[in-house]
There are 2 protein chains.
Amino acid sequence: MNQQEIIRKKRDGADLTAPEINAFVNGVTSGAWADYQTSALLMAMFINGLSPDEQSALTGAMLDSGERLDFSDIDAPVADKHSTGGVGDKTSLIVAPVVAACGVAVPMISGRGLGHTGGTLDKLEAINGYNVNLTTGEFKQTIKTCGFAMSGQTAEIAPADKKLYALRDATATIESIPLIVASIMSKKLAEDLDALVLDVKTGSGAFMRRFSDAKNLAEALVKTGNAFGVRCEAVISDMNQPLGKYVGNTSEVYECVKILRSEADDAMQPTLELAVELAARILVLCGVADSVQSSKFKVQSSLDSGAALEKFRHNIELQGGDPTVCDQPENLLDANLIKAEIKAETSGFVSEINAGAIGECVSRIGGGRIKIEDAIDFAVGYQCEKKIGDEIRRGDALGVLYCRRENQANSIREKLTGAYKITTERNANDARLIKEIIRGF
Amino acid sequence: MNQQEIIRKKRDGADLTAPEINAFVNGVTSGAWADYQTSALLMAMFINGLSPDEQSALTGAMLDSGERLDFSDIDAPVADKHSTGGVGDKTSLIVAPVVAACGVAVPMISGRGLGHTGGTLDKLEAINGYNVNLTTGEFKQTIKTCGFAMSGQTAEIAPADKKLYALRDATATIESIPLIVASIMSKKLAEDLDALVLDVKTGSGAFMRRFSDAKNLAEALVKTGNAFGVRCEAVISDMNQPLGKYVGNTSEVYECVKILRSEADDAMQPTLELAVELAARILVLCGVADSVQSSKFKVQSSLDSGAALEKFRHNIELQGGDPTVCDQPENLLDANLIKAEIKAETSGFVSEINAGAIGECVSRIGGGRIKIEDAIDFAVGYQCEKKIGDEIRRGDALGVLYCRRENQANSIREKLTGAYKITTERNANDARLIKEIIRGF
């Protein structure tokens with residue numbers, strides 16, 4: 001079947017066979033499919049959807065477009081977590097060392113931030129010297145030495161996904177559950193995992209704003225992982241407000257180190273809670289703990305004992321970063337930044353926060369990327385003072401913006417203030433951090 | 001609005017505004033829209049459709065992407081016909097000289113054949129020396145001198161359509177009524193017409209196989225023409241079998257000259273009948289005749305008097321072709337071709353003919369194009385001996401293939417034989433040539 005016949009079939013709502021999907025993905029990788037043909041099929045897939053069989057075939061074909069890592073020589077369970085992306089979502093920097101401290105190897109291949117969301121690689125690069133561009137050999141050696149490594153996707157892993165993602169970004173075909181599943185899972189399945197925990201965000205700062213969409217995505221991710229023999233669970237977690245205290249690269253690393261040092265303040269508790277949940281579930285899936293409850297004790301003791309912090313320090317050393325951030329996390333914060341308070345204009349209760357708008361504001365002053373090629377100012381960020389349910393008085397600080405110049409603050413002050421919905425009554429909106437767990441089948 | 005926002009809007013089924021459609025078409029023409037973005041929007045338009053307002057806006061934007069001809073200095077009504085394409089569909093070569101002989105100027109911009117359909121430009125090039133690549137100046141001068149001209153689309157006419165059509169061909173987004181309407185009408189409206197008659201084909205050799213699709217297309221074409229101030233009618237005509245006697249470039253020219261010479265045999269009668277219908281309706285729309293009935297007399301007398309033949313001869317002279325084809329049409333037929341009879345394998349009645357398959361067979365032996373860059377062998381073709389409703393005996397010739405080599409005939413004999421469905425009872429299928437007339441609003 002040629003390109004047009006395959007496109008026509010999906011255009012008309014029929015299911016593609018596995019050989020047809022393989023022909024498509026191979027054609028994308030080889031260049032036999034022109035970009036305009038690929039984007040036409042992506043749009044037809046977006047609108048008409050993919051069956052579970054098609055979704056598995058697409059994931060498998062994208063996985064097979066590149067190399068798979070091989071950890072058979074590592075004498076430990078191999079596991080990872082993946083987040084669908086949010087604002088202030090920094091748990092990877094806690095989960096990876098915690099899980100490694102509990103005896104599970106973590107080959108964490110991460111991404112960069114775009115738009116309102118941050119990316120783990122950007123946060124890591126906020127640590128002076130930290131190298132996120134490991135070769136496959138360096139990546140494996142780091143895991144063998146300290147139990148985990150964090151690096152970017154190499155050209156050898158799922159190259160079809162790189163091409164398809166760039167086209168989807170340019171053609172408004174990102175927000176499709178089957179395409180998201182194939183993109184995420186083709187990379188994660190290349191990590192040779194025993195277990196994978198997915199953190200699927202829902203709410204105003206998530207790609208899946210609606211809970212029902214997030215649940216559909218979570219179920220599809222877990223089913224696809226299971227179909228490829230990986231034990232999977234998904235945690236549907238709240239993204240109706242930024243996670244924890246900080247949004248911005250160095251300040252998020254600071255928050256994580258404070259948590260790893262058992263020095264978390266109240267505002268950092270949600271970050272700790274979610275990291276513990278994710279880490280605990282990984283340990284259970286790997287058979288390292290019997291129940292989530294007992295696993296959480298194990299996780300907590302790796303934090304209390306400093307074992308997780310030492311794993312993080314060891315990893316930073318191995319990946320070329322400055323390990324003193326583990327001892328003096330305050331040094332991460334730039335004392336020369338301007339602190340601009342964002343003040344409430346009315347009294348009442350915080351009933352909604354547009355987390356996406358806060359993420360966009362931080363990106364706009366340089367803390368993230370509007371376009372993929374933008375450079376990042378790691379130091380700028382936002383400190384959340386008030387969260388959903390908090391009572392406030394007119395003039396209270398909703399948050400504090402850390403920026404370089406006064407006019408940066410002025411350019412986004414209105415948008416930041418507008419991100420908070422203040423009501424006279426306390427609102428009963430669901431602000432629970434963990435909404436639902438999707439278990440494997 | 002940027003590309004992604006416009007694509008997203010149509011992707012989600014919303015109507016685009018005229019400024020959004022203009023931004024799209026301007027971006028296609030200027031190159032600001034990447035091909036992969038254009039094809040993604042075309043697929044979204046294909047699947048989610050266009051409202052009448054969107055269809056008009058798209059047509060207008062594509063029209064405005066190029067130049068419009070100006071015939072204000074021609075002291076005659078200006079009209080054209082357009083066919084949606086079929087097999088053996090050769091009426092343009094009769095309609096244009098007939099209408100010109102009746103005092104209406106015909107600026108006929110035509111296309112080439114692709115797949116199973118023939119193209120007027122290819123047929124004209126079967127006349128030795130005939131130039132279908134006129135400049136705008138030559139085109140106008142030819143019309144002023146002999147009443148009509150036939151030429152290809154210049155780069156100045158609807159350049160957006162050229163780009164869009166090539167992308168649609170490569171991405172399986174051809175068969176969309178609003179996209180077809182915008183493509184056809186953006187070119188026809190550039191001809192500065194007073195009237196336009198559309199020949200919308202339906203059946204096994206047409207793009208619109210189903211009558212209901214053909215009717216929807218016909219209505220959309222007429223409405224769009226009316227919206228731009230052009231008097232329009234559509235004739236929905238039969239394409240369940242090849243039109244008339246011949247399929248193939250020189251043999252189709254031969255059939256037309258025989259008709260213009262009033263020497264048509266029985267097998268050529270449907271070609272004559274449809275040409276008269278189309279020409280008569282053009283004259284009525286132009287106010288040259290009061291009724292279709294009286295108009296048909298006028299048309300017939302232009303044929304009987306030889307006036308139409310003389311117009312054709314004059315046009316061939318002006319466009320550089322060999323006018324002796326008008327005197328010795330037999331010279332068009334190559335006596336060295338192999339004649340291979342396609343024989344019926346059973347006795348009974350011809351109840352169906354796959355006209356598309358016959359067109360494809362002729363293309364495959366060189367009479368048309370499989371790919372856009374293929375060269376054409378003008379001489380090869382197919383002569384229809386039996387039509388729907390004819391009684392046949394096993395061994396009777398269903399048709400005669402004119403080809404270069406015996407193995408050409410062998411390579412398509414099975415497909416040609418299989419194009420005929422023979423039943424024991426005479427079938428009551430609708431084989432009427434003129435199915436319905438769609439009048440202007």
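First the proteins, then the strands, lettered A, B, ... as listed; each starts at 1.
Between B:Gln4 and A:Thr171, the closest heavy-atom pair is CG-N, 4.3 Å. Considering all non-hydrogen atoms of both residues, A:Ser39 and B:Tyr36 come closest at OG-O, 2.6 Å.
Crowding of B:Lys421 atom NZ: a count of heavy atoms from other residues, nucleotides or ligands under 6.0 Å not exceeding 12. Within 6.0 Å of CD in A:Glu156 there are more than 12 heavy atoms belonging to other residues, nucleotides or ligands. For B:Glu5, the CD atom sits in a packed shell: over 12 heavy atoms of surrounding residues, nucleotides or ligands are nearer than 6.0 Å.
No part of B:Asn2 comes within reach of chain A, as not one of its non-hydrogen atoms sits under 4.5 angstrom from that chain. In this structure, chain B has a heavy atom under 4.5 Å from the side chain of A:Leu167, while its backbone stays farther away.
Heavy-atom pairs under 4.5 Å with chain A peak, among B:Arg11, B:Arg8, B:Met43, at B:Arg11.
Although no hydrogens or angles enter the test, the distance criterion places a donor-acceptor pair under 3.5 Å between the side chain of B:Gln37 and the main chain of A:Ala170.
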